[in-house]
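Here is the structure we will look at.
Positions are given from 1 along the sequence.
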Amino acid sequence: MNISDIAVKAGVSVSTVSRVINNSPNVNVGTRCRILKIMEETGYVPSSIARNMMSKSNRSIGLFITDILNPFFNEMIKGVENVVNAEDYSLLIYAIGNSLQKEEESLDKLIRDRACGLIVTSCRLHSEKFLERAQKYFNIVSIQSNLNNVDNIGVTDEKGTCDMIRYLIGLGHSQIAVIGYNEALPTSDARFAGFIKAMADAKLAVSDNQIIRVEPGEGKCYEATLELLLRRDRPTAIHCINEYIASEVYKAIKDVGLSIPHDISLTGFDNLFISELMEPKLTTVSQPVRRMGEMAAKCVIRRHQYPDEEIQNIVFPTKLIIRDSATIPCVMK
């Protein structure tokens with residue numbers, strides 16, 4: 001396969017393919033993406049070209065997030081920006097959700113813009129091929145994502161959740177539900193595992209209707225909570241695997257006329273500003289979200305400067321923040 005073959009497959013001239021290879025701006029976006037995709041599929045893009053593109057990369061860093069409405073990502077972005085701005089880099093933010101198409105389009109844009117790095121935050125990327133292609137052009141850092149063989153930033157998700165459930169059990173709760181998203185992310189899996197471990201350690205049975213996995217989407221956890229609260233065997237406490245979910249659960253509890261914590265206890269995971277805006281204030285698991293963003297930005301910039309350093313796996317500790325949204329169950333009062 002040579003440059004002429006690429007031109008034939010793409011239906012363009014050899015000079016157009018050459019301009020794409022040399023990153024000339026005089027090619028429209030659709031044609032450029034088509035040619036890049038053909039080169040990728042045919043294996044035409046050798047590592048020497050990828051290294052050459054990296055050596056000419058600008059000082060921009062991509063950041064993939066799932067949902068711009070989730071305040072977790074706002075706090076994460078602040079942390080990344082603190083470092084990126086101080087080091088005179090620029091930040092390109094992409095809300096890719098769970099869309100394969102958005103992943104591919106965003107990656108094409110980063111390659112076209114010759115970014116020097118990518119931070120992937122709490123995202124479920126859809127294929128190993130995506131990761132392999134991205135790593136030809138820039139370095140990647142993962143924050144609580146499902147990526148292998150890249151620098152990773154995380155927290156003690158399982159322990160933090162386990163600590164919270166043990167706290168609720170210590171208050172006297174045995175009918176505890178956990179609610180989170182139905183997604184293939186190590187963070188979610190670890191937090192659900194923490195719930196199961198704490199219940200098992202206390203020799204408390206866990207039924208399927210105590211573990212609630214909801215498809216991501218605005219209002220989905222609110223609807224699931226309404227169904228949960230209408231059950232005759234409703235739980236005495238609900239733990240949410242993040243505080244965006246907790247805000248929807250909080251609203252559902254209020255809307256059905258129940259009182260927190262007197263009728264039902266509520267806990268979360270994050271310790272963002274939203275946890276102190278609730279009334280009563282939310283008992284939660286604290287994780288250093290902004291620090292994780294800062295660390296990820298430092299890692300991706302250092303990886304740009306020293307690409308051959310060993311891969312890092314950085315894990316921050318979590319901490320229980322006891323406030324007013326959890327108390328002994330009403331059946332014991």
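Met76 contributes atom CE, which lies 6.0 Å from atom CD of Gln144 (distance to the nearest 0.5 angstrom). One finds the NZ atom of Lys319 at 12.5 Å from the OG1 atom of Thr284 (value rounded to the nearest 0.5 Å). The CG atom of Leu277 sits 10.5 Å away from atom OG of Ser247, with the distance rounded to the nearest 0.5 Å. Annotation: the span from Ser275 atom OG to Ile321 atom CD1 amounts to 8.5 Å, rounded to 0.5 Å. Atom OH of Tyr250 and atom CD1 of Ile274 lie 10.0 Å apart (nearest 0.5 Å). Rounding to the nearest 0.5 Å gives a distance of 5.5 Å between CD of Gln287 and CZ of Phe72.
Evaluation of the salt bridge (Lys or Arg N to Asp or Glu O under 4.0 Å) rule for Glu276 yields no partner, not counting sequence neighbours. Under the salt bridge (Lys or Arg N to Asp or Glu O under 4.0 Å) criterion, Lys159 pairs with Asp163, sequence neighbours left out. Applying the side-chain contact (heavy atoms from CB on, under 4.5 Å) criterion to Arg302, with sequence neighbours excluded, gives Tyr306, Glu309. Residues forming a salt bridge (Lys or Arg N to Asp or Glu O under 4.0 Å) with Glu158 (at least two apart in sequence, or on another chain): none. In this structure Asp270 satisfies the salt bridge (Lys or Arg N to Asp or Glu O under 4.0 Å) test with no other residue, sequence neighbours excluded. Looking at residues two or more places apart in sequence or on another chain, you find a side chain to side chain donor-acceptor pair (under 3.5 Å) between Gln101 and Glu105. For the side-chain contact (heavy atoms from CB on, under 4.5 Å) test, residues two or more places apart in sequence or in another chain that qualify with Pro280 are Ile260, Pro261, Asp324, Ser325. Shown here are the side-chain contact (heavy atoms from CB on, under 4.5 Å) partners of Thr16, two or more places apart in sequence or in another chain: Val12, Ser13, Arg19, Val27, Thr31, Ile35.
With Ile245 as reference, Ile179 is the one residue of Ile238, Ile179, Asn70 to meet the side-chain contact (heavy atoms from CB on, under 4.5 Å) rule.
Note on Leu36: it does not cluster hydrophobically with Val8, by side-chain heavy-atom contacts below 4.5 Å among ILVMFWY residues. Leu118 and Ile311 end up in different hydrophobic clusters when Ile, Leu, Val, Met, Phe, Trp and Tyr side chains are linked at under 4.5 Å. In this structure, Leu230 is not a member of the same hydrophobic cluster as Ile264, with clusters built from ILVMFWY side-chain heavy atoms closer than 4.5 Å. Following chains of ILVMFWY side-chain contacts shorter than 4.5 Å, one cannot reach Leu185 starting from Val120, and the two form parts of different hydrophobic clusters.
Side-chain atoms of Asn271 do not come within 3.5 Å of backbone N or O of Val285 as any donor-acceptor pair. Listed for the Glu75 side chain is no donor-acceptor partner under 3.5 Å among the backbone atoms of Val289. Side-chain atoms of Asp113 never come within 3.5 Å of backbone atoms of Ala115 as a donor-acceptor pair (strictly under, hydrogens ignored). A donor-acceptor pair is defined here as one N or O able to donate and one able to accept, closer than 3.5 Å; such a pair exists between the side chain of Asp151 and the backbone of Gln312.
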Output a table of donor-acceptor pairs, distance under 3.5 Å, between side-chain atoms of residues 199-209 and any protein atom two or more places apart or on a different chain; print 'none' if there are none.
from	atom 1	to	atom 2	distance (Å)
Asp201	OD2	Arg166	NH2	2.7
Asp201	OD2	Lys197	NZ	3.2
Ser207	OG	Asn209	OD1	2.4
Ser207	OG	Gln210	OE1	3.3

Review item, side-chain donor-acceptor pairs of residues 80-95, under 3.5 Å, at least two apart:
from	atom 1	to	atom 2	distance (Å)
Asn82	ND2	Lys78	O	3.4
Asn82	ND2	Glu294	OE2	3.1
Asn85	ND2	Glu81	O	3.3
Tyr89	OH	His304	ND1	3.4
Ser90	OG	Arg59	O	3.4

Less than 3.5 Å apart, which donor and acceptor atoms pair up between the side chains of residues 212-227 and the rest of the protein, not counting sequence neighbours?
from	atom 1	to	atom 2	distance (Å)
Glu215	OE2	Asn182	ND2	2.7
Tyr222	OH	Asp255	OD2	2.7
Thr225	OG1	Cys221	O	2.7

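For Lys281, the NZ atom sits in a loose shell: 12 or fewer heavy atoms of surrounding residues, nucleotides or ligands are nearer than 6.0 Å. Surrounding CG of Asn149 are at most 12 heavy atoms belonging to other residues, nucleotides or ligands under 6.0 Å away. Residue Arg291 places its CZ atom among 12 or fewer non-hydrogen atoms of other residues, nucleotides or ligands, all under 6.0 Å distant.
A donor-acceptor contact under 3.5 angstrom links the side chains of Glu183 and Ser188, judged on distance only. Thr267 and Thr283 share no side-chain donor-acceptor pair at under 3.5 Å. Counted by atom type alone, Ser142 and Asn152 present one or more donor-acceptor pairs between their side chains at under 3.5 Å.
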- Task: Go through Arg34 and Asp108 one step at a time and tell me if the salt bridge (Lys or Arg N to Asp or Glu O under 4.0 Å) criterion holds.
- Result: CA-CA 10 Å; Arg34 186 168 75 254; Asp108 286 338; over 6 Å; no
- Decide yes or no on side-chain contact (heavy atoms from CB on, under 4.5 Å) for Val315 and Thr156, but give the supporting numbers first. CA-CA 7 Å; Val315 181; Thr156 53; 3.9 Å; yes
- Task: Go through the steps for Met278 and Leu282 under the test side-chain contact (heavy atoms from CB on, under 4.5 Å), then give the verdict.
- Result: CA-CA 6 Å; Met278 295 181 187; Leu282 187 69; 4.0 Å; yes
- Output, in order, the C-alpha distance, side-chain angles, deciding distance and verdict of side-chain contact (heavy atoms from CB on, under 4.5 Å) for Thr161 and Phe269. CA-CA 8 Å; Thr161 305; Phe269 198 120; 3.6 Å; yes
- Check against side-chain contact (heavy atoms from CB on, under 4.5 Å), Leu168 and Thr236: CA-CA 10 Å; Leu168 291 173; Thr236 60; over 6 Å; no
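The two residues Leu266 and Cys240 make their nearest non-hydrogen contact at CD1-SG, 3.7 Å. Gly117 and Val300 make their closest contact through CA-CG2, 3.7 Å (heavy atoms, listed as atom of the first residue, atom of the second, distance). Considering every non-hydrogen atom in both Ser265 and Thr327, the closest pair reads OG-N, 3.0 Å. Residues Arg234 and Leu228 share a closest heavy-atom pair of CB-O, 3.7 Å. Between Gly293 and Ile143 the shortest heavy-atom distance is CA-CD1, 4.3 Å. Residues Cys299 and Val141 approach most closely at CB-CG2, 3.9 Å, considering heavy atoms.
Counting heavy atoms from C-beta on, the side chains of Thr121 and Phe73 come closer than 4.5 Å. Between Val150 and Arg303, the closest side-chain pair of non-hydrogen atoms is not below 4.5 Å. With a 4.5 Å cut-off on side-chain heavy atoms, Phe64 and Ile119 do not count as touching. When side chains are defined from C-beta on, His239 counts as touching Ile165, because their heavy atoms get closer than 4.5 Å.
Pairs engaging residues 192-214 under the ring-ring contact (aromatic ring centres under 6.0 Å, His included) rule: none recorded [sequence neighbours left out].
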